[in-house]
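The figures that follow rest on heavy atoms only: side chains count, while hydrogens, waters and symmetry mates do not.
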Amino acid sequence: MLKKALPIGVDNFEKVIQEGYYYIDKTALIKELLDLKGEVNLFTRPRRFGKTLNLSMLRYFFEDTGDAERNARNRELFRGLKIMDAGESYTGQMGSYPVINLTLKSTKQRSFESAYGKLKEEIAEEYQRHQYVLECDRVSEENKRKFREIADRKAEYDDYSGSLKFLSVCLYQATGKNTVILIDEYDVPLENAYFKGFYGEMVDFIRSLFESALKTNDCLQFAVITGCLRISKESIFTGLNHLKIVSILNRQYSEHFGFTEREILEIMKYYEVEDRFPVMKEWYDGYLFGETEVYNPWSVINFMSDLYAGKDAFPRPYWINTSSNDIIKDMIAQADRDTKGQIETLLGGGTLDIQVHEEVNYGDMHSRGENLWNFLCFTGYLTKQDEYFRESSVYLRVRIPNTEVKTIYQTTILGWFRKQIEKQDFRDLYRAMEEGDEGKVSEILNGQLFSTISFYDSAENFHHGFLTGILSQSQDYLVKSNRESGDGRADIIIKSPSLRGRSFILELKVSASVDDLEADAEKALEQIYEKKYMEELRVEGYRKIDCYGISFYRKDCEVRFGKGLPIMADDKGF
């Protein structure tokens, strides 16, 4: 039997329902929103955790489109969903309000002028969606003139910075009803502006946009805003005393963003791939919102799609491609020795204790250690394991949530490491190798190990990648890694393009303790001779072959040098 399609990248609620995509019912969010009666609600969740789809759902539930037939079609979208069993006090509010729906997720331009232009475009499109205002006699001619200017992108800066309040006023005049305002990914333009260098200008615009619409707006019914972070109250949400913050730490609304384990088991049963649940859990579970265990919905949907195509599909870090990961890149690039040590602790499966700072600024990311870790926690790169109260402050014990996120750290660290070594001159290392100076080789490698960020749960791959990256900087040698081939050849082969030049065989070991380093380096060297790793180079025609056995334990290494065995004229082997 043909199964429902999975909604990869589909975040329009109407499309999901009408076109028969698999939908995990999150309509209970509507009931909780109405029960708690927050006037301005800010939901902070990591990227790709269902915020846009949930806001689309709210729009189709609450919006009075001014068209009875259209309202009826919107009501039909919710047939069979949880909210329809909640009672008349909830379902009676369907189609009851004009809705302003604004997304800021596309505001990622290189300059303020370009980003402001994109914001004007998004605002203008929302005005055009409400063109019926211009046909209403209750709206003044002056307001209609200003409405047209904003819709046609011909208005002034102050008109756009106050445009949400003005639109809600026009909608009230046209319908006699207060407006629901939905703003998606409000912090995307702020994050982009921080990394592109025009943060102050963008803060000023967003602050004006929000303050007019949310603070002094008598035509507001309620507002829902989503983003990753709660940007400092002083810089964005000035004076919004009625602002309700719902972060990943809140127990309220905890099940509505991301998938619960019960929902994961249901979807895996539907697609008949329950036997892959352990992999799903290892890779994409691990988040704790309030006290609710949550899976990354974007990654789950993508993995489910791959599993439906073939039950033996491998898990992948789908989430790494959904954002720039600039926060991680910036953190690693600026990490001091203490921060590097903390990152290594996390990569080793450990935890950090941090004081909670929910009100943050991008500009403050590196001013205090807690700010950095709070950023990573609220954006999904860390998660809460536990929380406690001490000396009037809330503290979190945080960890890396799952294997997927760990691979993002590892990939980013390796990318940073490659860029770092590209800036260095490793001629001394190759000179030491050519001279058989094992002590100097060891000294140079130890220095590099000390300065990098290590991860040891896959120690062999880390140290192999570390060494290959360094050795690949030479213009005089070709470096071949055999780690992935698994065909019984040496770990690394280095050779001159000329058969008359030098060549090297490197075999690596990862020691169980620092005391085993010397013995393991000897074993690595012996393995080269015992398994005749030099034969490959000899067959190619190389005659100057040297060997190195190298052992690693965390940030220490030991090197042993051995010359290639002499080659006899009639010798066919070693």
Side-chain angles (χ1 to χ4, degrees), residues 348 421 426 428-452 454-474 477-496 501-540 542-568 571-574:
I421 62 177
F426 286 101
D428 285 350
L429 174 62
Y430 269 98
R431 190 176 300 115
M433 290 178 63
E434 291 164 350
E435 294 172 355
D437 189 345
E438 60 188 37
K440 185 65 175 178
V441 173
S442 179
E443 177 186 331
I444 294 170
L445 294 182
N446 275 305
Q448 290 296 318
L449 281 167
F450 184 72
S451 64
T452 191
S454 309
F455 41 92
Y456 301 113
D457 60 329
S458 53
E460 291 191 18
N461 286 336
F462 167 75
H463 289 111
H464 189 273
F466 160 82
L467 191 54
T468 304
I470 288 176
L471 294 170
S472 296
Q473 299 310 302
S474 173
Y477 287 97
L478 304 173
V479 178
K480 180 180 180 182
S481 167
N482 293 323
R483 168 67 62 176
E484 293 79 14
S485 65
D487 58 2
R489 291 186 287 178
D491 285 326
I492 299 174
I493 293 176
I494 305 168
K495 56 189 179 182
S496 166
R502 304 290 294 272
S503 61
F504 304 91
I505 301 286
L506 277 65
E507 183 66 19
L508 280 54
K509 297 287 184 186
V510 175
S511 298
S513 73
V514 69
D515 296 331
D516 297 328
L517 280 170
E518 294 184 7
D520 286 341
E522 294 284 358
K523 290 177 183 177
L525 186 61
E526 291 170 5
Q527 183 173 323
I528 294 173
Y529 297 127
E530 290 174 359
K531 296 196 174 182
K532 300 183 179 182
Y533 287 155
M534 287 183 288
E535 182 66 16
E536 179 179 341
L537 289 171
R538 289 186 57 195
V539 169
E540 287 186 46
Y542 287 94
R543 291 297 177 261
K544 298 177 181 178
I545 307 172
D546 289 328
C547 309
Y548 282 92
I550 305 177
S551 59
F552 294 94
Y553 179 75
R554 296 188 176 271
K555 289 186 181 267
D556 287 293
C557 79
E558 190 73 24
V559 179
R560 288 292 181 271
F561 169 72
K563 281 190 172 293
L565 296 182
I567 300 168
M568 309 302 293
D571 187 17
K572 303 299 182 184
F574 292 105

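- Considering all non-hydrogen atoms of both residues, Ala524 and Ile550 come closest at CB-N, 4.0 Å.
- Rounding to the nearest 0.5 Å gives a distance of 4.0 Å between CG of Leu467 and CD1 of Ile492.
- For Asp520 (side chain) and Val510 (main-chain N/O), no donor-acceptor pair under 3.5 Å exists by modelled atom type.
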Discussion item. I'd like to know whether Glu535 forms a salt bridge (Lys or Arg N to Asp or Glu O under 4.0 Å) with Arg489, so could you lay out the CA-CA distance, the side-chain angles of the two residues, the decisive distance to 0.1 Å, and finally the verdict.
Written reply: CA-CA 10 Å; Glu535 182 66 16; Arg489 291 186 287 178; over 6 Å; no

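- Of the charged side-chain nitrogens involved, none lies within less than 4.0 Å of a carboxylate oxygen, so that Asp428 and Lys440 do not count as a salt-bridged pair.
- Checked against the 6.0 Å centroid criterion, the rings of Phe552 and Phe462 do not qualify as a close aromatic pair.
- For the atom pair Tyr548 OH and Leu508 CG, the distance stands at 13.5 Å (nearest 0.5 Å).
- The backbone N or O of Thr452 lies less than 3.5 Å from a partner atom in the side chain of Lys555, making a donor-acceptor pair.
- Remark: Glu507 does not engage Lys531 in a salt bridge, criterion side-chain N to carboxylate O under 4.0 Å.
- Salt-bridge formation is not detected for the pair Lys544/Glu434: no Lys NZ or Arg NE/NH1/NH2 atom is positioned less than 4.0 Å from an Asp or Glu carboxylate oxygen.
- Here the closest non-hydrogen pair linking Leu506 and Ala490 is O-CB, 4.0 Å.
- Going from atom CG of Leu445 over to atom CG of Leu471 covers 7.5 Å, rounded to the nearest 0.5 Å.
- Using a 4.5 Å heavy-atom threshold, the side chains of Ile505 and Ile494 count as separate.
- From Ser496, atom OG reaches atom CZ of Phe504 across 9.5 Å, with rounding to the nearest 0.5 Å.
- With Ser472 contributing its side chain and Thr468 its backbone, the two residues share a donor-acceptor pair below 3.5 Å.
- Listed for the His463 side chain is a donor-acceptor partner under 3.5 Å among the backbone atoms of Arg554.
- The ring pair (Phe, Tyr, Trp, His ring centres under 6.0 Å) with Tyr477 is formed by just one residue from the set Phe426, Tyr430, Tyr542; it is Tyr430.
- Atom OG of Ser503 and atom CD1 of Ile493 lie 9.0 Å apart (nearest 0.5 Å).
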Worksheet entry | Steps toward side-chain contact (heavy atoms from CB on, under 4.5 Å) verdict (Asp546, Met433) | CA-CA 9 Å; Asp546 289 328; Met433 290 178 63; over 6 Å; no

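- Proximity of Leu517 to Asp556: side-chain heavy atoms (C-beta onward) are separated by under 4.5 Å at one or more points.
- Atoms CD and CG, on Gln527 and Asp491 in that order, are 7.5 Å from each other to the nearest 0.5 Å.
- With 3.5 Å as the limit, one finds no donor-acceptor pair spanning the side chains of Glu558 and Tyr553.
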Item to complete: Take Lys495 and Glu536 through the test side-chain contact (heavy atoms from CB on, under 4.5 Å) and record every step on the way to the result.
Response: CA-CA 11 Å; Lys495 56 189 179 182; Glu536 179 179 341; 5.6 Å; no

Item to complete: Would you check, one step at a time, whether the test side-chain contact (heavy atoms from CB on, under 4.5 Å) holds for Cys547 with Met534?
Response: CA-CA 9 Å; Cys547 309; Met534 287 183 288; 3.5 Å; yes

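- Distance alone, capped at 3.5 Å, places no donor-acceptor pair between the Glu522 side chain and the Glu518 backbone.
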